[in-house]
Amino acid sequence: DLTYDIKRVRFDFQNGETMDFKPGQFIQIKVPGWETVRAYSIASNPKNNNYVELMIRQVYKGEATTFVHKALQEADIIDVDGPFGDFYLQEESKRDIICIAGGSGMAPIKSILEYLKDRGMQRKVKFFFGARTQKDLFLTEELNQLAKDYPNFEYIPALSHADDDETWTGARG
């Protein structure tokens, strides 16, 4: 559990299979016993192509998210397909990067940041992460450490409902 409503899920590929993907892309998972197929952004580093990590938020009455949060067990076999998507790191660019996400939308940004970290993060990157309250923040220590290790990276969490939170000193709005 990353928060009360977001889980980090890791799918290991079987029999030596791998999946090559670009940081920012997504996969689709099929819910066993249903015809439901849902897309989720990959949160893991592309260098680890023998598994994918996802960040999945519980959606009210969502078949796939309810399955993941309530029924999925370690060692279950799940069908995945992908990778898909045109939202990925443009490696040939030297331009600064601004990332904006909230909740489980952090997943593709995390993949991009881990990839950039492995390459020494020469490009300037600002990551604005929106959450309602402090209980909705996650991976804060990891992102703050990344900002300390790489002066080109800045992590800016902002709370939209921090009015009653006297301990919050960060960005609001």
Side-chain angles (χ1 to χ4, degrees), residues 1-3 5-30 37-59 64-65 68-69 72 74 76 78-131 134 136-159 170-171:
D1 292 340
L2 294 172
T3 69
D5 67 344
I6 298 176
K7 283 192 181 292
R8 180 185 346 216
V9 181
R10 176 174 157 160
F11 294 107
D12 293 311
F13 299 119
Q14 294 184 313
N15 305 318
E17 292 183 33
T18 61
M19 179 184 289
D20 293 321
F21 61 93
K22 296 176 183 176
Q25 288 189 301
F26 68 93
I27 63 167
Q28 294 180 326
I29 66 170
K30 184 177 185 306
V37 176
R38 291 292 182 264
Y40 295 102
S41 294
I42 302 170
S44 49
N45 190 329
K47 78 175 184 180
N48 304 315
N49 66 355
N50 58 335
Y51 69 87
V52 291
E53 273 185 6
L54 310 176
M55 296 176 179
I56 300 178
R57 170 176 256 138
Q58 174 69 54
V59 174
T65 64
V68 167
H69 281 256
L72 183 65
E74 188 171 337
D76 282 352
I78 304 296
D79 290 330
V80 301
D81 193 18
F84 301 106
D86 295 324
F87 174 76
Y88 54 83
L89 178 65
Q90 304 299 315
E91 292 184 63
E92 66 283 349
S93 176
K94 304 292 184 220
R95 297 175 67 184
D96 295 349
I97 301 171
I98 297 176
C99 304
I100 304 170
S104 60
M106 181 190 290
I109 307 306
K110 180 180 174 288
S111 180
I112 289 168
L113 291 173
E114 287 184 1
Y115 187 82
L116 288 170
K117 177 183 173 186
D118 279 353
R119 280 146 186 79
M121 197 172 284
Q122 297 301 309
R123 293 168 71 178
K124 289 185 180 179
V125 181
K126 282 190 181 192
F127 178 24
F128 296 91
F129 183 69
Q134 286 189 69
D136 298 302
L137 295 174
F138 58 96
L139 301 182
T140 303
E141 289 179 25
E142 185 177 316
L143 291 164
N144 283 332
Q145 186 62 51
L146 184 63
K148 288 177 185 172
D149 294 342
Y150 292 94
N152 287 345
F153 174 66
E154 185 178 0
Y155 172 59
I156 305 142
L159 301 183

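- Of the possible donor and acceptor atoms, one in the side chain of Gln122 sits under 3.5 Å from a partner among the backbone N and O of Gly120.
- Side-chain contact check for Leu116 versus Phe153: every heavy-atom pair is 4.5 Å or farther apart.
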Could you walk me through whether Gln145 and Glu142 pass side chain to side chain contact (heavy atoms under 4.5 Å, CB included), step by step? CA-CA 5 Å; Gln145 186 62 51; Glu142 185 177 316; 5.9 Å; no
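- In plain terms, the two heavy atoms of Pro108 and Phe87 that are nearest each other are CB-CE2, 3.7 Å.
- A donor-acceptor contact shorter than 3.5 Å is absent between the side chain of His69 and the backbone of Ala64.
- Inter-residue side-chain proximity for Tyr51 and Ser44 is flagged as met; some heavy-atom pair is nearer than 4.5 Å.
- In this structure, the side chains of Met106 and Met55 come closer than 4.5 Å at one or more pairs of heavy atoms.
- The shortest side-chain heavy-atom distance between Tyr155 and Thr140 falls under the 4.5 Å cut-off.
- A salt bridge links Lys110 and Glu53; the closest N-O separation between the charged side-chain nitrogens and carboxylate oxygens is under 4.0 Å.
- Considering Leu2, Leu54, Ile56 in turn, Leu2 is the only one that fulfils the side chain to side chain contact (heavy atoms under 4.5 Å, CB included) rule with Arg8.
- Between the side chain of Thr65 and the backbone N or O of Val59 there is at least one donor-acceptor pair closer than 3.5 Å.
- The heavy-atom pair separating Ser41 from Phe26 by the smallest distance is CA-CB, 3.7 Å.
- Within the cation-pi definition used here (under 6.0 Å to the ring centroid, within 45° of the axis), Arg38 does not qualify as a partner of Tyr40.
- Annotation for Glu92: atom CD counts as buried by contact number, over 12 foreign heavy atoms lying within 6.0 Å.
- Atom CD1 of Ile78 has more than 12 heavy atoms from other residues, nucleotides or ligands within 6.0 Å.
- A 4.5 Å side-chain heavy-atom check between Leu146 and Asn144 finds every atom pair outside the cut-off.
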For the pair Asp79 and Val37, evaluate side chain to side chain contact (heavy atoms under 4.5 Å, CB included) and give the outcome as yes or no after the intermediate values. CA-CA 9 Å; Asp79 290 330; Val37 176; over 6 Å; no
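- Looking at heavy atoms from C-beta onward, Lys117 lies out of side-chain contact with Tyr115 at the 4.5 angstrom threshold.
- Other residues, nucleotides and ligands contribute more than 12 heavy atoms inside 6.0 Å of the CD atom of Gln90.
- When atom types are taken as modelled, the side chain of Asn152 and the backbone of Met121 share a donor-acceptor pair closer than 3.5 angstrom.
- For CZ of Arg119, the number of neighbouring non-hydrogen atoms (other residues, nucleotides, ligands) closer than 6.0 Å is greater than 12.
- Here the straight-line distance linking atom CG of Asn48 with atom CZ of Arg10 works out to 7.5 Å at 0.5 Å rounding.
- Gln25 places a side-chain N or O within donor-acceptor distance of the main-chain N or O of Gly85, the cut-off being under 3.5 Å.
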Tell me, with the steps shown, if Asp136 and Ile6 meet side chain to side chain contact (heavy atoms under 4.5 Å, CB included). CA-CA 9 Å; Asp136 298 302; Ile6 298 176; over 6 Å; no
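- Looking at Arg123 and Asp96, no side-chain N of the basic residue comes within less than 4.0 Å of a carboxylate O on the acidic one, giving no salt bridge.
- Across all their heavy atoms, Phe11 and Ile29 have their closest contact at CE1-CG2, 4.2 Å.
- At least one side-chain heavy atom of Ser111 sits under 4.5 Å from a side-chain heavy atom of Pro46.
- Note that the CG atom of Leu113 and the CG atom of Leu89 stand 9.5 Å from one another [nearest 0.5 Å].
- Checking Asp12 against Asn50 by side-chain atom types alone, no donor-acceptor pair falls below 3.5 Å.
- The backbone N or O of Thr3 lies less than 3.5 Å from no partner atom in the side chain of Asp1, so there is not a single donor-acceptor pair.
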Could you please spell out the steps behind the side chain to side chain contact (heavy atoms under 4.5 Å, CB included) verdict for Val9 and Val52? CA-CA 8 Å; Val9 181; Val52 291; over 6 Å; no
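- Minimum heavy-atom separation, Pro157 to Leu137: CB-CD2, 4.0 Å.
- Separation of atoms CE (Met19) and CZ (Phe13) is listed at 4.0 Å; rounding is to 0.5 Å.
- Looking at Phe129 and Phe138, their side chains come closer than 4.5 Å, going by heavy atoms from C-beta outward.
- Remark: Phe127 CZ to Ile97 CD1 distance equals 12.5 Å, nearest 0.5 Å.
- In this structure, Glu114 contributes its side chain and Asn45 its backbone to a donor-acceptor pair below 3.5 Å.
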